[in-house]
Amino acid sequence: MFKFKHQIIFVLNHETFRFLSASSAASMVDSITQTQIPRQNLSNPVTQIAETSNSHFSYSLDPKYYIYSLLNCKNLAQIRQVHAQAAVNGMLQNLIVANKLLYIYAQHKALGDAYSLFDAMRERDAYSWSVMVGGFAKVGDYMNCFGIFREYIRSGERPDNYTLPLVIRACRDTVDLQMGRLIHHIVYKFGLQSDTFISAALVDMYAKCRVVEDARQLFDKMLMRDLVTWTVMIGACAECGNANESWVLFDRMGAEGVVPDKVAMVTVVNACAKLGAMHKARLVHDYIWRKNFSLDVILGTAMVDMYAKCGSVDSAREIFDRMKEKNVITWSAMIAAYGYHGQGREALDLFPMMLRSGILPNRITFVSLLYACSHAGLVEEGLRFFDLMWEDYSVRQDVKHYTCMVDLLGRAGRLDEALNLIEDMSVEKDEGLWGALLGACRIHGQIELAEKAAKSLLELQPQEPWALCIAIKYLCESR
DNA sequence: GTAGGGTTAG
């Protein structure tokens, strides 16, 4: 399937596609996706409910009754109950009721239920299709998301500006550029390229697939750019290492009279963090303050990170202390901030405070803590955290945690322990881990161990050119 | 009678 997929993409471009009929668009989608729709169970719970308990049902024929009942459903069992009731009363023939059921199932991530209903529906409209496409995307079942979209195109219906952004986003989330380009062709085919929702989604998709030139081209060609489109493009520039351009775009956006909201500000703050320029950080902060944006968790956390990366851990702490609501990301950001400023003690002091406020650490919190220990030479503390993360908090050590430990032990000159740790670990080793060991060898002039590490690295990934590069680089530097 | 977008930590 994948071979075929690539061949198709290489053969076609926009121009050739323009001359294809809509039905060939369908067969194209057809050849690329393989549907794996869960078929209806023989023991459908809804049928069972309908068979065993219809004496308890009311026999309302008012669609509003079912819609209201569905809105009040708290769990899947209740939804199935209403579904069964509607089935017994023949109300599933009513598109409004059936659509609402689909939607509620999708909201509860019950895509199996939703699909068996969808499959049985004689009449479907654009709403029904987009609920299914979006529902599968929501639970991360992209195969079926694309599969349903394929069926939609094949049914001869014209895809609308609700469904297309959903599949485009699915391409973004799976970083599936080939599929993304294909759907872009379909957008052209149906003449929908000027829809804001669709083009913003396309810009975002190209940006996340790191094809920034395509994203930018599309962006520049757009006649109408709304706030979301601007935000996407500003974020894309920052993400791809051109935070200066983010800043330029933010100015241009303002000049064109588009007023930023909180999400846009988070994106700009983020770009500023990547830029690492304190002057810009103060400007953004001032803007946020003047426009009266409240410091919610996301904006606040972004600002903590921004100030830390622009060099002022104190300003970061000031924002941190002013924030009313903090989550695990906020705490981790502040811990990391102290970490890369070499203030290990301050980082560690935050840990009990975090626990007292009722927030549990996750794997990134521990990466930040271990990183802080290694950059402040707090060896014993690091070892303690490394053990306790699994024992007390059920957070499994992964390769990043091991890398911090190798770095920590390596810097302290305890290279044998670092090597033992690597040899005993059961998780998969990566480039960064060997880099940490080789780095430690370089500091301490341990050429034999460096050679051993380089050899292991090459044995592990003989086919990877970067492995050889890293090994050579560190070996040369050791000598 | 109804659905959809962009945002935070290593």
Side-chain angles (χ1 to χ4, degrees), chain A residues 63-64 66-68 70-71 94-104 106-107 125-135 137-138 160-169 172 195-205 207-208 225-236 238-239 260-271 273 293 295-306 308-309 316 319-320 323 325-337 339-340 354 359 361-372 374 398-401 403-404 432:
Chain A
K64 283 194 183 123
Y66 299 94
I67 290 163
Y68 183 75
L70 284 170
L71 289 176
N94 184 311
L95 190 58
I96 300 168
V97 172
N99 275 348
K100 196 73 184 176
L101 256 170
L102 281 184
Y103 178 64
I104 300 285
Q107 278 203 321
D125 62 6
Y127 178 96
S128 334
W129 286 101
S130 76
V131 165
M132 292 311 295
V133 167
K138 186 178 179 176
D160 67 358
N161 56 341
Y162 279 89
T163 316
L164 281 164
L166 292 168
V167 279
I168 296 168
R169 218 167 308 129
R172 174 199 67 186
D195 181 87
T196 326
F197 276 81
I198 294 175
S199 38
L202 283 168
V203 170
D204 195 26
M205 184 274 295
K208 294 276 157 43
R225 296 183 204 98
D226 66 4
L227 176 59
V228 174
T229 316
W230 280 102
T231 310
V232 164
M233 201 61 234
I234 290 170
E239 187 64 36
D261 65 357
K262 196 175 281 182
V263 178
M265 288 322 297
V266 171
T267 309
V268 173
V269 165
N270 214 0
F293 285 106
L295 272 193
D296 67 355
V297 211
I298 298 181
L299 183 57
T301 304
M303 286 181 69
V304 166
D305 186 54
M306 172 183 75
K309 288 186 178 144
I319 304 275
F320 179 83
M323 288 171 65
E325 190 196 339
K326 302 181 184 74
N327 61 18
V328 65
I329 303 178
T330 319
W331 286 95
S332 304
M334 195 63 232
I335 290 171
Y340 45 72
M354 174 178 120
I359 304 288
N362 65 16
R363 42 181 296 277
I364 298 176
T365 318
F366 283 110
V367 171
S368 306
L369 284 164
L370 295 175
Y371 182 91
S374 95
D398 69 23
V399 68
K400 300 283 181 228
H401 302 106
T403 305
C404 288

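The chains referred to below are lettered A, B, ... by the order of the sequence lines, with proteins before strands, and numbering in each begins at 1.
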Trainee: Looking at every heavy atom in both A/Val97 and A/Leu70, which two are closest together, and how far apart are they?
Mentor: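 So the two residues come closest at O-CD1, 4.4 Å.
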
Trainee: So what does A/Ile335 hit on the nucleic acid, given a heavy-atom distance under 4.0 Å: a base, only sugar-phosphate, or nothing?
Mentor: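 No contact.
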
Trainee: Using a 4.0 Å heavy-atom cut-off across all strands, classify A/Lys208 as base, sugar-phosphate, or nothing.
Mentor: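 The answer is sugar-phosphate, as A/Lys208 gets under 4.0 Å only of primed atoms, P, OP1 or OP2.
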
Trainee: Between C1' on B/dA3 and OH on A/Tyr162, what's the gap in Å once rounded to a whole number?
Mentor: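 To the nearest whole Å, that distance equals 6 Å.
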
Trainee: When the distance from CG of A/Leu299 to P of B/dG6 is rounded to whole Å, what number comes out?
Mentor: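 Between P of B/dG6 and CG of A/Leu299: 18 Å.
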
Trainee: Where do A/Asp296 and A/Leu299 come nearest, in terms of heavy atoms and distance?
Mentor: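 Reported closest heavy-atom pair: OD1-N, 2.9 Å.
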
Trainee: Kindly indicate whether the side chain of A/Asp226 and the base of B/dG5 share any N or O donor-acceptor pair separated by less than 3.5 Å?
Mentor: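 Per atom types, the contact qualifies.
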
Trainee: Within the structure shown, what part of the strands sits under 4.0 Å from A/Val131 by heavy-atom distance: base, sugar-phosphate, or nothing?
Mentor: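 Nothing: the residue A/Val131, judged by heavy atoms under 4.0 Å, touches no strand.
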
Trainee: Reckon A/Ala264 touches a base, only the sugar-phosphate, or nothing at all at heavy-atom distances under 4.0 Å?
Mentor: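 Base contact.
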
Trainee: Base, sugar-phosphate alone, or nothing: which one does A/Asp204 contact when heavy atoms must sit under 4.0 Å apart?
Mentor: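 A/Asp204: backbone/sugar contact only, no base atoms under 4.0 Å.
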
Trainee: Answer whether the closest heavy-atom distance between the side chains of A/Thr301 and A/Asp305 falls below 4.5 Å.
Mentor: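 No, side chains not in contact.
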
Trainee: Not counting sequence neighbours, which residues clear side-chain contact (heavy atoms from CB on, under 4.5 Å) with A/Ala106? List them please.
Mentor: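 Testing A/Ala106 for side-chain contact (heavy atoms from CB on, under 4.5 Å), a comparison that skips the adjacent residues, returns A/Val131.
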
Trainee: Under 4.0 Å, heavy atoms only, any strand: does A/Asp398 hit a base, just the sugar-phosphate, or nothing?
Mentor: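 Here A/Asp398 touches no strand at all.
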
Trainee: Measure from the side chain of A/Arg169, starting at C-beta and using heavy atoms only, and say which of B/dG10, B/dG6, B/dT8 lies closest.
Mentor: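 My answer, after comparing the listed nucleotides, is B/dG6.
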
Trainee: Any donor-acceptor pair, under 3.5 Å, between the side chain of A/Thr330 and the base of B/dA9, if you only look at N and O atoms?
Mentor: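 No, the side chain and the base share no sub-3.5 Å donor-acceptor pair.
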
Trainee: Answer yes or no: does a side-chain N or O of A/Lys309 lie under 4.0 Å from OP1 or OP2 of B/dG10?
Mentor: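 Indeed, a polar side-chain atom of A/Lys309 lies that close.
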
Trainee: What's the closest nucleotide to the side chain of A/Ile298 if the choices are B/dG6, B/dT7, B/dG1?
Mentor: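 The nucleotide sitting nearest to the side chain is B/dT7.
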
Trainee: For A/Ala200, report the nucleic acid contact type (base, sugar-phosphate, nothing); a contact means any heavy atom under 4.0 Å.
Mentor: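 It contacts base atoms.
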
Trainee: A/Met306 CE to B/dT7 P: how many Å, rounded?
Mentor: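 The answer, rounded to whole Å, is 18 Å.
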
Trainee: Answer with yes or no whether the side chains of A/Ser128 and A/Asp125 bring together a donor and an acceptor at under 3.5 Å.
Mentor: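 A pair is found: one side chain offers a donor N or O, the other an acceptor, under 3.5 Å apart.
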
Trainee: Expressed in angstrom and rounded to an integer, what is the separation of A/Leu166 atom CG from B/dG5 atom C1'?
Mentor: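 In whole Å, B/dG5 C1' lies 10 Å from A/Leu166 CG.
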
Trainee: Between A/Phe320 and A/Lys326, is there a cation-pi geometry (under 6.0 Å to ring centre, at most 45° from the normal)?
Mentor: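 That pair qualifies as a cation-pi contact.
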
Trainee: Give the nucleotide from the list B/dG10, B/dG6, B/dG1 with an atom nearest to the side chain of A/Asp125.
Mentor: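 Of the candidates, B/dG1 comes closest.
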
Trainee: Within less than 4.0 Å of OP1 or OP2 of B/dT8, is there a side-chain N or O belonging to A/Asn270?
Mentor: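 It does, given that an N or O in the side chain of A/Asn270 lies less than 4.0 Å from OP1 or OP2 of B/dT8.
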
Trainee: For A/Thr365, which contact category applies under a 4.0 Å heavy-atom criterion: base, sugar-phosphate, or nothing?
Mentor: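 The answer is nothing, as A/Thr365 stays clear of every strand by at least 4.0 Å.
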
Trainee: So what does A/Val269 touch, heavy atoms closer than 4.0 Å: a base, only the sugar-phosphate, or nothing?
Mentor: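 Touches nothing.
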
Trainee: Picking from B/dA9, B/dG5, B/dT7, which would you name as closest to the side chain of A/Ala333?
Mentor: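 Within the option list, the nearest is B/dA9.
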
Trainee: Between A/Leu71 (CG) and B/dG1 (C1'), how many Å, whole number?
Mentor: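 About 11 Å, once rounded to whole Å.
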
Trainee: Closest approach to the side chain of A/Tyr103, judged atom by atom: which nucleotide of B/dG5, B/dA3, B/dG10 is it?
Mentor: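 Among B/dG5, B/dA3, B/dG10, the one nearest the side chain of A/Tyr103 is B/dA3.
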
Trainee: Contact between A/Val304 and A/Met323 at the side-chain level, heavy atoms closer than 4.5 Å - yes or no?
Mentor: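 Yes, their side chains come closer than 4.5 Å.
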
Trainee: On the side chain of A/Asn327, is there an atom forming a donor-acceptor pair with the base of B/dA9 - under 3.5 Å, no angle test?
Mentor: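 Checked by distance alone, the answer is no.
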
Trainee: Distance check needed: B/dT8 P versus A/Ile234 CD1, whole Å only.
Mentor: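 Interatomic distance, CD1 of A/Ile234 to P of B/dT8: 14 Å.
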
Trainee: Round to the nearest Å and state the distance from A/Tyr68 atom OH to B/dG1 atom P.
Mentor: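 After rounding, the gap between these two atoms is 16 Å.
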
Trainee: Please check the phosphate of B/dG5 (OP1 and OP2 only) for any side-chain N or O of A/Arg172 closer than 4.0 Å.
Mentor: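 No, outside the criterion.
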
Trainee: Measure from CE on A/Met323 to P on B/dA9 and round the result to the nearest Å.
Mentor: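 Taking CE of A/Met323 and P of B/dA9, I get 12 Å after rounding.
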
